[in-house]
Amino acid sequence: MLYSEKVMDHFSNPRNVGEIEDADGVGEIGNAKCGDIMKMYLKIDPETKVITDAKFKTFGCGAAVATSSMATELIKGRSIDDALKLTNDAVVEALDGLPAVKIHCSVLAEQAVRSALSDYYTRQGIDPLPIVGEIKEPEE
Ligand code: FES
């Protein structure tokens with residue numbers, strides 16, 4: 001079997017699909033090569049800086065759907081600092097692995113979270129670059 005049970009589960013039954021209308025940060029990231037696009041919405045508690053809600057919309061492959069679903073699950077209820085530490089490797093691990101040709105899909109999920117956090121800081125009047133770093137579109 002090419003995909004783990006967890007990948008299949010998050011692909012067929014993705015968690016946190018949708019939009020947050022009054023989101024505190026919205027990110028979007030695409031991959032020019034495969035044409036997949038991921039949009040990420042975050043709700044952040046102004047006092048505790050905890051991510052109280054995360055939703056996504058992914059126009060893309062099954063692995064992109066599964067990784068964005070898992071990424072939202074991993075950051076919900078966590079602090080911004082924790083979310084900034086979320087790597088694509090952690091997402092892949094939580095999904096019990098991905099085939100090598102699909103690793104870039106998990107990078108898309110990682111960068112979608114960072115892109116939404118970058119937007120959050122921009123809205124707060126804070127330069128996101130020193131905190132979030134550059135948002136990189138995965139190249140393959
Ligand atoms: Fe492009 Fe999966 S093939 S994100």
Side-chain angles (χ1 to χ4, degrees):
M1 180 68 176
L2 196 55
Y3 291 108
S4 73
E5 259 172 51
K6 272 195 192 161
V7 173
M8 291 313 290
D9 176 30
H10 278 263
F11 165 62
S12 349
N13 178 23
R15 327 299 198 257
N16 311 309
V17 175
E19 288 177 33
I20 300 175
E21 271 187 26
D22 58 343
D24 299 307
V26 181
E28 187 175 326
I29 189 95
N31 181 322
K33 257 195 197 155
C34 64
D36 291 356
I37 299 166
M38 209 178 268
K39 219 164 170 184
M40 182 75 61
Y41 304 81
L42 301 178
K43 193 85 199 135
I44 295 166
D45 186 290
E47 307 227 320
T48 60
K49 308 288 183 221
V50 163
I51 297 170
T52 51
D53 201 8
K55 288 205 187 310
F56 78 93
K57 276 190 165 171
T58 290
F59 180 83
C61 75
V65 172
T67 53
S68 27
S69 167
M70 182 53 91
T72 54
E73 286 286 272
L74 290 173
I75 61 171
K76 254 170 77 168
R78 309 294 291 272
S79 67
I80 294 182
D81 287 347
D82 283 346
L84 282 170
K85 284 187 211 127
L86 180 77
T87 60
N88 76 298
D89 286 342
V91 175
V92 171
E93 208 183 298
L95 285 169
D96 291 339
L98 270 181
V101 291
K102 288 287 170 183
I103 294 296
H104 78 269
C105 319
S106 67
V107 177
L108 210 58
E110 172 201 287
Q111 292 297 308
V113 171
R114 302 182 79 83
S115 164
L117 288 170
S118 179
D119 178 54
Y120 164 77
Y121 281 116
T122 304
R123 291 185 196 205
Q124 307 289 313
I126 301 167
D127 178 9
L129 200 60
I131 308 166
V132 184
E134 227 173 296
I135 309 297
K136 289 176 235 111
E137 298 215 344
E139 280 175 6
E140 12 167 355

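Note that the coordinates shown come from a computational prediction; the quantities given were computed from them, not determined experimentally. Just so you know, ligand 1 is whichever comes first in the structure, and atom 1 is the first atom listed for that ligand.
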- [ ] Applying salt bridge (charged side-chain N to carboxylate O under 4.0 Å, His left out), name anything that partners Lys57, two or more places apart in sequence or on another chain.
- [x] Glu19
Task: Minimal non-hydrogen separation, Lys55 against Val17, with atom names - done: CD-O, 4.0 Å
Open item on the list: Salt bridge check, Lys49 against Asp82: does any charged N sit closer than 4.0 Å to a carboxylate O?
Closed with: no
- [ ] With sequence neighbours excluded, tell me which residues meet salt bridge (charged side-chain N to carboxylate O under 4.0 Å, His left out) with Asp36.
- [x] none
Task: Summary of side-chain hydrogen bond (donor to acceptor under 3.5 Å, both in side chains) pairs that have at least one residue in residues 84-96, sequence neighbours excluded - done: Asn88-Ser106
TODO: Using a cut-off of 2.8 Å, find all protein N, O or S atoms closer to atom 2 (Fe) of ligand 1 than that distance.
DONE: Cys61 SG, Cys105 SG
Task: Shared hydrophobic cluster for Phe59 and Phe11 (ILVMFWY, side-chain gaps under 4.5 Å) - done: no
